[in-house]
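The next block holds one structure in the form of structure tokens; read it before the comments.
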Amino acid sequence: NLGPLHQTVLRIAPDTDGGRVTALAPHPTDPRILYLATQSGIFRCANADPDLRGDWTWESLGDALPSSSADGNLSVGALALSPADPSVLYAGMGDPFGTDARGFHVSRDAGATWSAAVMLGAATRTLDILALDAHVILVGTNAGLWRSTDGGATFSSLPLGGSAGGNAW
């Protein structure tokens, strides 16, 4: 069951929440494979064919994602595939519009396993991920713009308008 779930944090209408979509990442060579990030996890569909009769099948990849918050929150703000290898996924934690979570994760096996969280300063919300090649990744967060030159193993903060640490909105 992917939702809807009863909303207990915010009291706004409607009172159910199916998991806001925060990113879609299509596989570059297999149009049937589609990755979906939501405020409650990451999912993969391997039969995303508009001509298919019946429902598409979704598999949760969030079950293997290490928790990045004290309460076990797996809210995902952004998701991207490496342009060099589509089995490499990048996930930035923290829904930009509602749910805080911390960290940046990498999967090198299409989401079966994930790296431990790399913290991006005080960031609790990921706004976007731009994977430029196999090594260079830019990540916009509520605590600045971050760059990795080693495929997501480490990050450095980039100045925004003369200062580091601002919201990269």
Side-chain angles (χ1 to χ4, degrees), residues 1-12 14-26 34-45 58-82 86-132 136-158 160 163-169:
N1 184 5
L2 301 180
L5 303 173
H6 181 68
Q7 187 175 175
T8 59
V9 178
L10 300 174
R11 289 294 175 198
I12 56 176
D15 197 30
T16 56
D17 189 350
R20 177 179 32 258
V21 173
T22 56
L24 288 170
L34 181 64
Y35 294 91
L36 172 75
T38 72
Q39 69 179 33
S40 59
I42 301 171
F43 303 90
R44 176 180 50 220
C45 179
W58 292 93
E59 169 190 11
S60 174
L61 303 179
D63 297 343
L65 195 62
S67 174
S68 60
S69 67
D71 61 355
N73 183 1
L74 294 176
S75 173
V76 181
L79 182 71
L81 283 86
S82 168
S87 65
V88 177
L89 285 89
Y90 305 112
M93 305 308 286
D95 174 0
F97 298 104
T99 309
D100 291 346
R102 294 178 48 94
F104 181 88
H105 299 278
V106 179
S107 173
R108 301 199 182 282
D109 53 11
T113 61
W114 295 88
S115 68
V118 174
M119 294 302 154
L120 304 176
T124 57
R125 295 179 184 200
T126 303
L127 310 173
D128 205 357
I129 299 170
L130 178 60
L132 298 173
V136 180
I137 305 163
L138 298 174
V139 181
T141 73
N142 66 330
L145 180 62
W146 299 83
R147 177 179 56 203
S148 174
T149 57
D150 56 12
T154 61
F155 284 86
S156 59
S157 178
L158 298 175
L160 293 173
S163 67
N167 193 334
W169 193 264

Query raised in the report: About how many Å separate SG of Cys45 and CG of Leu36, when rounded to the nearest 0.5 Å?
Result: 9.5 Å

Query - Nearest atoms (heavy-atom pairs only) where Pro96 meets Thr22 - result: CD-CG2, 4.3 Å

Query raised in the report: Which is it for Leu127 and Thr141 under the side chain to side chain contact (heavy atoms under 4.5 Å, CB included) test, yes or no, and what are the steps along the way?
Result: CA-CA 5 Å; Leu127 310 173; Thr141 73; 5.6 Å; no

**Report entry** Residues forming a side chain to side chain donor-acceptor pair (under 3.5 Å) with Thr154, sequence neighbours excluded
**Finding:** Asp150

Query raised in the report: Can you check whether Gly121's main-chain N or O pairs, donor with acceptor, with Arg102's side chain at less than 3.5 Å?
Result: yes

**Report entry** Leu79 CG to Met93 CE distance, which is reported to the nearest 0.5 Å
**Finding:** 10.5 Å

**Report entry** Side chain proximity check, Val139 to Leu120, heavy atoms < 4.5 angstrom
**Finding:** yes

**Report entry** side chain to side chain donor-acceptor pair (under 3.5 Å) involving Ser107 - partner list, sequence neighbours excluded
**Finding:** Asp109

Query - Pairs involving residues 113-127, ordered by first then second residue, that meet salt bridge (charged side-chain N to carboxylate O under 4.0 Å, His left out) (sequence neighbours left out) - result: Asp100-Arg125

Query raised in the report: Does Ser75 offer a backbone N or O that forms a donor-acceptor pair with the side chain of Asp95 under 3.5 Å?
Result: no

**Report entry** Minimum heavy-atom distance between Ala131 and Leu81, given as atom pair plus value
**Finding:** CB-O, 3.9 Å

**Report entry** Heavy-atom pair with the smallest gap, counting every atom of Ala78 and Thr126
**Finding:** CB-CG2, 3.7 Å

Query raised in the report: Heavy atoms, side chains only, cut-off 4.5 Å: are Leu89 and Val106 in contact?
Result: no

Requested in this report: Flag the pair Phe97 / Arg20 as yes when at least one side-chain heavy-atom distance between them is below 4.5 Å, and no otherwise.
Outcome: yes

**Report entry** Reported CG-to-CH2 distance for the pair Leu74 and Trp114, which is rounded to 0.5 angstrom
**Finding:** 11.0 Å

**Report entry** Closest approach of Tyr90 to Gly151 (non-hydrogen atoms, all atoms of both residues)
**Finding:** CE2-O, 3.6 Å

Report task. Can you sort out the partners of Ser156 under side chain to side chain donor-acceptor pair (under 3.5 Å), two or more places apart, ordered by chain and number? Result -> none

Query - Residue pairs, two or more places apart or on separate chains, that pass salt bridge (charged side-chain N to carboxylate O under 4.0 Å, His left out) and touch residues 138-148 - result: none

Query raised in the report: Can you tell if the side chain of Ile137 reaches within under 4.5 Å of the side chain of Leu132, non-hydrogen atoms only?
Result: no

**Report entry** ring-ring contact (aromatic ring centres under 6.0 Å, His included) partners for Phe155, two or more places apart
**Finding:** Phe104

Query raised in the report: Is there a donor-acceptor pair closer than 3.5 Å between any side-chain N or O of His105 and the backbone N or O of Ala91?
Result: no

Query raised in the report: Can you find a heavy atom in the side chain of Tyr35 that is under 4.5 Å from one in the side chain of Leu61?
Result: yes

Query raised in the report: Below 4.5 Å, heavy atoms only, C-beta onward: do Leu34 and Trp58 meet side chain to side chain?
Result: yes

Query raised in the report: Closest heavy-atom contact between Leu158 and Leu138?
Result: CD1-CD2, 4.0 Å

Report summary line: All heavy atoms of Ser148 vs all of Ala153, minimum pair found to be OG-N, 4.0 Å

